[in-house]
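Residue numbers start from 1 in every chain, and the chains themselves are labelled A, B, ... in the order their sequence lines are given, proteins ahead of strands.
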Amino acid sequence: MEYKRLLITAALPYANGPVHIGHLAGCYLPADIYVRYQRAQKRDVKFVCGSDEHGVPITIRAMKEGTTPQAIVDKYHELIKESFHQMGISFDVYSRTSSATHRETSQAFFKKMFDDGAFEVKESEQYFDESKQMFLADRYIVGTCPVCSNDNAYGDQCEKCGSTLSPEQLINPHSALSNSKPIKRKTQHWYFPLNKYETWLKEWIVEGKKSEWKSNVYGQCKSWIDAGLQPRAMTRDSSWGVPVPLPNAAGKVLYVWFDAPIGYISATKELTPMWSDYWQKEDTKLVHFIGKDNIVFHCIIFPAMLKSHGGYILPENVPANEFLNIEGEKVSTSRNWAVWVHEYLSDFPDQQDLLRYVLCANAPETKDNDFTWKDLQTRVNSELSGNLGNFVNRAFVMMHKLCNGRVPAFHKEATNESDLALIADLKEAKEKIEAAIESYKFRDALSEIMAISTKGNKYLQVNEPWNLVKTLETTPANQKRIDNCIHLSLQLCANLAIFINPFLPFTAQKMCNMMKVVERMLDWENGGRVDLLKVNYPLREPQILFKKIEDSEVADQVEKLKTRSQQVMELKDSTLSNNQTEPSPEKAIIQFEDFAKIDLRTGIILQAEKVEKADKLLKLSVKLGEEERTIVSGIALYFTPEEIVGKQVVVVANLAPRKMRGIESQGMILMSENEDGKLVFVSPTEPVAPGSEVR
RNA sequence: GGCGAGGUAGCUCAGUUGGUGAGAGCGCAGGAUUCAUAACCCUGAGGUCUCGGGUUCAAAUCCCGAUCUCGCUACCA
């Protein structure tokens, strides 16, 4: 299809923290490169983004810091927006989901779907905090993790051991708001029956996008669709978010994942009154740039919403990137293992392009990749500085030395093979770069550009004008060869500026300045031309395009990363151990009779084996006196079956039996936890007869 | 356990629909050069393409099995 205009979106960053370089590499930088390229092609393109400001984590954070959700999002919205701006991420609009436009847009969207009968109302039981008179999202419920015994596990996840949880699993659950024990209460929500869109999604994605979408994206989608889709609640009980636009819906807001993607639409509305052209005309190409964590929402849920609402176009592509690791470890905001963009900007002022280059050259396009400061140094020093920067500098210095600071003429009669080869290479490179960018292979495109620079260096090496100048007295005709060589080298510089512009816009600007040309020269159609700089035109003195990175800078950054992360972990450890020494306020005093109800006995593990189809379960045979019990225990992550056979343990002998993975567990093994979070058996210090009572 | 994506030179990564002796950058060894940000240019060493089967005249590439890494998901008291 011939597209008349493009709408490019980049994932809305969540406004409860700053952005790190993984965000840039995964989403914003590729999107920006693509957009800058399209602008240079003079195509009608809009680039929209904004802060995602609703959802539970923001309310939690506000609560912890004793402030309001609005204050949190105001702070991070500004920080994130400024980081992007400084990095040269050239959004046409950077909006936010707390804006009035967005509230109206998302409410209207919901209302239309509601009026069309797109939702199903369902009643369910949710946890409710009586003292605060509000429903609690899973994350609002805090308790002890059943896996690692962390006292601060959330109802959806334990951040210490990473287990996925549900509130029912927490030991001693309590409200994060009031510390009171939550009760269950009935509530109703509007569900979007995704299952009704299965057939359509199969047709659209599984059959239609197989060869178009990246394999990681396609595979994820197919996996979800094949597994079968479930109706999904599109509303929540909360005071923070877009109110559900219906009567009798007090205290209900739109689910953050319902309203967030609509944020793309509202941002476009704020940008232009022509917004509907970009969202509702079939000859618009819509592309969502996201990280791999967002695939299901952008490829399945949001398209289904658009389809249900009607009148909207669907994404032509969703080129999701994988994750970027830092110095060999996964990025973790809670461990503060990350390189924050605003910190890079203050540590490396005016060197945005260095980071843009490295993040693109090593972008996680097909798999998770690793970022190291050492690699940044190597790439900057040898590729940017040694190859590209050095070539431009050589061309300019020689022009000043051998050609009076002016663009020399190109003498056709003195043309040699290397001239012709260079001109041909340039035209070929342009096509390769275009093809790579159009198919979202930015890494390839960038290396093609660097290859041009390498060719430039070789071209100088072959023609060696610095030697020709010494032969002028005996062979004056060589001046023409010098002219041709410098002339073409300079035209190559102009081309490099054009090609590099989407990737390294700050550098392209510097080069324009050196060549004394206006920005219009950077129009993509000029690529491949060798008459961009006019003969006899005086050019400026060269400036150093890329400063080298010193070893000490690398060491400083690595050090900074490590010590900061260590500090966070120490802080966490200390708060954690404080929590452990203090008796939990929720555990009420019990009477002796209550304690006596528990039948604790020592036992010996006779056999142990892994439970089929379960990662964490071991099936144990435990001898308690004459009796032998089968107990299923969730300790397989910490112990192999072999090492625990013969171990003395303490067993809750009168716990009601419970089936797990089809095996009836007749008791529970008592475990404690060491400082690393590893489980440890509670066991008598001396051998005791199996079945002995523990009192 | 299920599903998805990966496992290619010391390191970071490319390898389109199976087909000339398997690639790039960095690093390493040697050479050449001095216009240039001690940069650039040339040459070379280095890979049983995770392992094991199979299809084929031909497999890094297709199929089956194993194994490791990452992600989603299930189980977790």
### Query
For B:C40, does either OP1 or OP2 sit under 4.0 Å from a side-chain N or O belonging to A:S453?
no
### Summary
Ranking B:G4, B:A36, B:U37 by distance to the side chain of A:S223, first place goes to B:G4
#### Entry: A:Q220 side chain, from C-beta outward: closest of B:G4, B:A36, B:C70
B:G4
### Message
The side chain of A:N390 is closest to which nucleotide in this list: B:A39, B:A14, B:C35?
### Response
B:A39
### Task
With C1' as the reference atom in both, quote the distance from B:A74 to B:G4 in angstrom, rounded to an integer.
15 Å
### Query
With A:E438, which residues qualify under salt bridge (Lys or Arg N to Asp or Glu O under 4.0 Å), at least two apart?
A:R43
### Message
Looking at B:U12, I'd like to know if its phosphate oxygens (OP1 or OP2) sit under 4.0 Å from a side-chain N or O belonging to A:K374.
### Response
no
#### Entry: Phosphate contact (B:A36 OP1 or OP2) by A:K401 side-chain N/O below 4.0 Å
yes
### Query
Choosing from B:U34, B:C70, B:U37, which nucleotide comes nearest the side chain of A:N467?
B:U34
#### Entry: Among B:C35, B:A14, B:G6, the nucleotide that comes nearest once only the side chain of A:Q461 is considered
B:C35
#### Entry: Rounded distance in Å between the C1' positions of B:A9 and B:A45
11 Å
### Query
For the ring pair A:F348 and A:W373, is the centre-to-centre distance below 6.0 Å?
yes
### Task
Check whether any side-chain heavy atom of A:T454 lies under 4.5 Å from a side-chain heavy atom of A:F391, and answer yes or no.
no
### Task
Give a yes/no on whether any side-chain N or O of A:R394 is located under 4.0 angstrom from OP1 or OP2 of B:C40.
no
#### Entry: NZ/NE/NH1/NH2 to OD/OE distance under 4.0 Å, A:K292 and A:E322
yes
### Query
Between A:N369 and B:C13, does any side-chain N or O lie under 4.0 Å from OP1 or OP2?
yes
#### Entry: Closest listed nucleotide, where the reference is the side chain of A:W466 and the choices are B:U37, B:U33, B:C13
B:U33
### Query
Say you pick atom P in B:U12 and the same atom in B:G2; how far apart are they, in whole Å?
30 Å
### Task
Taking atom C1' in both B:C57 and B:G15, compute the distance separating them and give it to the nearest angstrom.
24 Å
### Task
Let me know, please, whether A:D375 or A:V397 comes out on the 5' side of the other along RNA chain B by nearest nucleotide.
A:D375
### Summary
Of B:U37, B:G25, B:C70, the nucleotide closest to the side chain of A:E383 is B:G25
### Message
Would you measure the distance from the C1' atom in B:G30 across to the matching atom in B:G6 and give it in whole Å?
### Response
37 Å
### Task
Could you measure between the two C1' atoms, the one in B:U8 and the one in B:U69, and give it in whole Å?
15 Å
### Query
Are any of the side-chain heavy atoms of A:C299 and A:Y218 separated by less than 4.5 Å?
no
### Message
Is the distance from the ring center of A:F192 to that of A:Y197 below 6.0 Å?
### Response
yes
### Summary
Walking RNA chain B from its 5' end, the first of A:D370 and A:T378 to be reached, judged by nearest nucleotide, is A:D370
## Note on the structure
Listing for RNA chain B: consecutive Watson-Crick or G-U pair runs of at least 3, distance cutoff 3.5 Å, ranges ordered by first number, gives B:1-7 with B:67-73, B:10-13 with B:23-26, B:28-31 with B:41-44, B:50-54 with B:62-66
### Task
Calculate the interatomic distance between A:R379 atom CZ and B:C13 atom P; express it in whole Å.
9 Å
### Task
Return the nearest nucleotide to the side chain of A:M398; candidates are B:C35, B:G25, B:U37.
B:C35
#### Entry: Option among A:H487, A:Q479, A:R481 that satisfies the side chain to side chain donor-acceptor pair (under 3.5 Å) test with A:D483
A:Q479
### Query
Atom CD of A:E365 and atom P of B:A5: how far apart are they, to the nearest Å?
18 Å
### Message
Check this for me: does any side-chain nitrogen of one of A:R335 and A:E329 sit under 4.0 Å from a carboxylate oxygen of the other?
### Response
yes
### Query
How long is the line joining CD of A:Q377 and P of B:C11, in whole Å?
19 Å
## Note on the structure
With the side chain defined as heavy atoms from C-beta on, A:K458 is closest, among B:C42, B:A36, B:C13, to B:C42
